Amino acid sequence: MRRLFWRIFAAFWLAMVVLVLAMVWITTRNFETEKIPGLDVTRLQATMDDQLARVARDLRRNGPDGPHRWLRASDARGPVRLYLLDRQGRDLLDRRVPSEAAEAARTALLGLDPADPARSAAAEPDSDRIRLRLVILRDGRRYAAVAVFDGSSFGRLLYHRPYAFWSHIGLALVVSTLVSGLLAYYVAHPIGRIRGSMRRFAEGDLDARVGRLRFGRSTEMTGLAGEFDRMAERIRALIENNRRLVRDVSHELRSPLARLRVALELAREGDPAETRRSLDRIEREADRLEAMLAQAIELSRLETAHEPRRERVALDELVDHAIRNADYEGALRERKVVQTATAPIRLQGAPDALYSAVENIIRNALAYTADGTTVEVALLRDPADPALARIVVRDHGPGVPENELVRIFEPFYRTDAARTRSSGGTGLGLAIARRAVINHGGHIIACNADGGGLEVTISLPVEPAA
């Protein structure tokens, strides 16, 4: 967290410092190159002309020895350098004079016309960086005072007003430090919160959440924190479901395993009739175990699998197929499955998961409806919302207590354990159906029907009617 904060702080701080310096340089440069109204010279040129005027006054008043202090001061004050050249082109302080400035001074001292075409191109001064003033003393001696701008506008600002420059830069650095620290904290704080929550979650704290961010609540950070919290909630639910599933499967396996041991002991006694009954019992328990494990695996797959591949499914054909298979199985106990209503309905979904959901609901109804009765199945569009299809399955069994209508969709939950076992159920069919329906964006509810029996309704989003 600290390293991240300082990295972000350094990036913001350097960016702001560069921005401040760039603004100072651009502002100074524009100011120096701006022409003074009515004079047709820039502010920089006016400054250079003013310095040359001071040198000229001192030269006329005190002779060649007078301007020495001005010339020496120009060497120490920054990019504007002052030179005073005699007719031989020598500087009064014997300094090396830039060639362009020396040529401009020679031209002025010899009285050459700058417009003369015979004048060499090298002698033409750069008016933006060189200013020249010819000074003639009373005794006729000629001198050329030359000001050369040898540097940048930023450097001139630094030397021209060092106190103001450094005070402004210092104030800018203080402000940039405060703003950079605030921005770095604004970015790093929520990231640190999210990182800490992820670390606690990885260490086994399944209740670790980012929660509400009090600082750094940008749209991106809030969205990231929300996505993490939703991911953590989903993972916790999956882990708890798997734990509960393992616990429930372990509990449910004990009874058939115990009955298997009893059947094996009876088979070892050697009585042929008892051995045959024991083997039949072993076969039934083995089938029950196989069905239970298959359904437990299917439920686990539905709860943990990624989004299944979707395709266009004819829901009416799928329901009709499930009804015909269930009706064939119910004939042994004089229980029928009939379709009371249907409609041509299409939707995008996983056909195997949808078929499993419909089949488990119908099989559950077939298991509990009374002998000689009929399980009624209806497929229709919701009159209030044509984008929804309803599959209604009603049996004529004992129904379910009102306070347990929601819990029957939980894995291994039974309202009557003895009745469920006698019917051959594993307690997973309704849970599988609920998970498959939820994965398709629908919902499933159960209620006791008028006149007795249980009514289960599946609602699924479907394609609009043609």
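The structure displayed is predicted, hence computed values, not measured ones.
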For [X] and [Y], which heavy atoms make the closest approach, and how far apart are they?
X      : Y      : answer
Ala232 : Arg209 : CB-NH1, 3.5 Å
Pro386 : Val462 : O-CG2, 4.2 Å
Ala326 : Ile362 : CB-CG2, 3.5 Å
Met48  : Phe149 : CE-N, 3.9 Å
Thr340 : Ala378 : OG1-CB, 3.4 Å
Ala389 : Leu315 : CB-CD2, 4.2 Å

Please confirm whether the backbone N or O of [Y] pairs with a side-chain atom of [X], one donor and one acceptor, at under 3.5 Å?
X      : Y      : result
His396 : Gly451 : no
Arg435 : Ala357 : no
Asn448 : Leu454 : no
Asn364 : Asn360 : no
Asp327 : Val337 : yes
Arg335 : Thr369 : yes

Can you measure from [atom1] ([X]) to [atom2] ([Y]) and round to the nearest 0.5 angstrom?
X      : Y      : atom1 : atom2 : value
Ile444 : Leu460 : CD1   : CG    : 9.0 Å
Ile391 : Leu354 : CD1   : CG    : 7.5 Å
Glu317 : Leu379 : CD    : CG    : 11.5 Å
Arg200 : Glu203 : CZ    : CD    : 9.0 Å
Ile194 : Glu227 : CD1   : CD    : 10.5 Å
Ile432 : Glu359 : CD1   : CD    : 10.0 Å

Would you say CZ of Arg434 has more than 12 non-hydrogen atoms from neighbouring residues, nucleotides or ligands within 6.0 angstrom?
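At most 12 heavy atoms, drawn from other residues, nucleotides or ligands, come within 6.0 Å of this atom.
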With the threshold set at 4.0 Å, does a side-chain nitrogen-carboxylate oxygen contact exist between Arg363 and Glu329?
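Looking at Arg363 and Glu329, the cut-off is met.
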Using 4.0 Å as the upper bound for N to carboxylate O, is an ion pair formed by Glu233 and Arg236?
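Salt bridge flag = yes for Glu233 with Arg236.
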Going by atom types alone, do Arg390 and Ser459 pair a side-chain donor with an acceptor below 3.5 Å?
yes
Does the side-chain contact (heavy atoms from CB on, under 4.5 Å) test come out yes or no for Ile345 and Arg381, once each step is laid out?
CA-CA 8 Å; Ile345 296 176; Arg381 288 186 181 271; 4.0 Å; yes
Considering residues at least two apart in sequence or located in another chain, which fulfil the salt bridge (charged side-chain N to carboxylate O under 4.0 Å, His left out) criterion with Asp50?
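In terms of salt bridge (charged side-chain N to carboxylate O under 4.0 Å, His left out), with neighbours along the sequence ignored, Asp50 is linked to Arg54.
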Side chain to side chain, [X] and [Y], heavy atoms closer than 4.5 Å:
X      : Y      : value
Val393 : Val375 : yes
Gln339 : Val319 : yes
Val400 : Tyr368 : no
Asp316 : Arg346 : yes
Ile361 : Ile458 : yes
Asp320 : Thr342 : no

Mutual orientation of the aromatic rings belonging to Phe201 and Phe228 [parallel < 30°, tilted 30-60°, perpendicular > 60°]
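Geometry flag for Phe228 against Phe201: perpendicular rings.
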Taking salt bridge (Lys or Arg N to Asp or Glu O under 4.0 Å) as the cut-off, I'd like each qualifying pair that reaches into residues 448-459, sequence neighbours left out, listed once.
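Applying salt bridge (Lys or Arg N to Asp or Glu O under 4.0 Å) to every pair that reaches into residues 448-459, excluding sequence neighbours, yields nothing.
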Which is it for Val97 and Val146 under the side-chain contact (heavy atoms from CB on, under 4.5 Å) test, yes or no, and what are the steps along the way?
CA-CA 10 Å; Val97 183; Val146 185; over 6 Å; no
side-chain contact (heavy atoms from CB on, under 4.5 Å) between Gln51 and Arg131, worked out
CA-CA 10 Å; Gln51 294 184 17; Arg131 302 295 287 177; over 6 Å; no
Under the side-chain contact (heavy atoms from CB on, under 4.5 Å) criterion, do Val313 and Tyr355 qualify, and how do the steps go?
CA-CA 10 Å; Val313 179; Tyr355 182 83; over 6 Å; no
